[in-house]
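This report refers to the structure that appears directly beneath it.
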Amino acid sequence: MPKIKALQADHSEFNSFHHTTIVRRALRADDVAIDIKYCGICHSDIAQVEGIDGMFKHPIVPGHEITGIVSAIGTDVEDFKVGDRVGVGCFIDSCGKCRYCLAGQEQFCEQGTVAVFNTPDYDGKITEGGYSQSVVVKAHFVLHIPDSLNLAEAAPLLCAGITTYNPLVRYQIGKGSKVAIIGLGGLGHIAVQFANKLGAEVTVLGHSERKRAEAEKFGATGYEILRDDTDFDRFAGQFDFILNTAAVKLNLDHYLKLLTVNGIFCFVGLTMAAQQFNLFSLFSKQGTITVSNVGGLPMTQAMLNFAAAHQVRPQIEMIGIDDVPTAYQRIIDSDVHYRFVIDMDTLK
Ligand code: ZN
Ligand code: ZN
C-alpha cells in the first residue's frame with residue numbers, strides 16, 4: 001500500500017500542524033479510491049484539533065468536506081467509474097443493517113457511524129480525513145458531484161450544505177414560509193440560499209452592518225440587527241421557522257418571541273455552553289425548539305442535486321495547505337468570507 005501525503009496536527013496548538021505520510025487501505029470490492037482535489041475547513045475540524053473537553057484524540061488528520069476524482073473502483077462497484085467527480089462528507093461507514101441505516105439515515109446508525117476522521121473504523125484503525133492526497137471509502141458513502149457544480153465550491157456543501165438543507169426540508173420550508181436565519185457565516189450564507197431557492201421569504205438576523213448587501217446577494221429580502229427589547233418586540237410573531245447558525249449562547253427568550261404560533265426554532269450552530277429559556281416563552285406560541293443533525297446519504301445526494309439545479313454556491317476563499325493554521329485562527333476571529341477551501345494540489 002503506497003504512502004500518501006497528509007497534514008497532521010499532533011496536539012491542540014495550531015502550530016503543531018506538519019506534513020506527514022499516511023497509508024490508505026488496499027481497495028476492497030465495494031470501495032472507491034479518490035484523488036482529493038479540495039477540502040473545506042469546518043468549525044468542527046477546529047473543535048477536534050483544539051480537543052474540546054478531551055473528547056478527541058491526537059494526532060489528527062482533519063477534513064470532512066472532500067471533493068475529488070475517482071482514481072480506482074473495487075470489483076463490485078457499479079455506481080462509479082474512474083474519472084467521476086465525487087464527494088465525501090462527515091462519515092464513511094455504518095452498520096448497514098439497523099433500522100436507521102435501512103432508512104437512509106446512516107447518521108443515526110445504532111452501531112455508531114464511522115466519522116471520516118478521528119474515529120475508530122470497524123478494523124480498529126483511527127480514520128484520517130481530507131487534508132490528504134487521497135482517500136479510500138466504501139462506495140455507499142461516496143456522493144456524485146453534478147457537472148454544473150464547481151468542484152471547489154461543492155466541498156462546503158458536504159457538511160455546511162447538508163447541515164442547513166436537512167432541517168429546511170424536514171420542516172417543509174417552501175413557498176409561503178417566513179424564515180429567519182441567525183448568523184451569516186459558513187453555515188448561514190448557504191442556509192439563506194437554500195431557504196430562498198426552496199421558495200421561502202428569508203430574513204437574516206445579523207450583527208454587522210457590512211454584511212447587509214451580501215445577505216441580499218444570497219437571497220435574503222430582509223436584514224435586521226436586533227439589539228434590545230424594542231427591536232425584538234418589533235418582529236414579534238413574524239417567523240414560522242428560525243434557524244440558528246451561530247455557535248454562541250443566545251438570549252433564547254428574546255428569539256422565541258419572534259416565532260409565529262406553532263413556530264419552530266432550530267439549532268445547527270452548536271456550542272458546549274448550555275442554552276436556557278423560560279418555558280412560558282414557548283407556551284405562548286406552542287413553539288418547538290429542536291436541533292438538527294447532518295443528513296443521511298440519500299438526503300445528501302438530493303441536496304447536491306438541488307444545489308446544482310438552483311445554483312446554490314458556497315462563497316469560498318481558496319488557500320494552500322500551509323495556510324491551514326492561519327485559516328483556523330481567522331475562522332475563530334470570524335474573518336472568513338465565507339468558507340475556506342484547501343487546494344489539495346498544494347500538498348506536495
Ligand atoms: Zn463540518
Ligand atoms: Zn446502522
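We're numbering straight along the sequence, starting at 1. Both counts, for ligands and for their atoms, begin at 1 and track the order of listing. Given the structure is predicted, the values throughout are model-derived calculations rather than measurements. Note that these values count all heavy atoms, side chains included, but never hydrogens, waters or copies made by symmetry.
Glu214 is listed as a side-chain neighbour of His337, based on a closest heavy-atom distance under 4.5 Å.
For the pair SG of Cys98 and SG of Cys95, the angle whose vertex sits at the Zn ion (ligand 2) is 110° to 10 degrees. Taking the Zn ion (ligand 1) as the corner point, the angle from Cys42 atom SG to His64 atom NE2 is about 110° (rounded to 10 degrees).
For Cys159, the nearest N, O or S atom to the Zn ion (ligand 1) falls under 2.8 Å. With a cut-off of 2.8 Å, the Zn ion (ligand 1) has no N, O or S atom of His43 in range.
Under a 4.0 Å N-O distance rule, the pair Arg28/Asp123 qualifies as a salt bridge. Remark: Arg339 does not engage Glu317 in a salt bridge, criterion side-chain N to carboxylate O under 4.0 Å.
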One pair to check against salt bridge (Lys or Arg N to Asp or Glu O under 4.0 Å): Arg330 and Asp333. What are the steps and the verdict? CA-CA 5 Å; Arg330 283 184 54 196; Asp333 297 339; over 6 Å; no
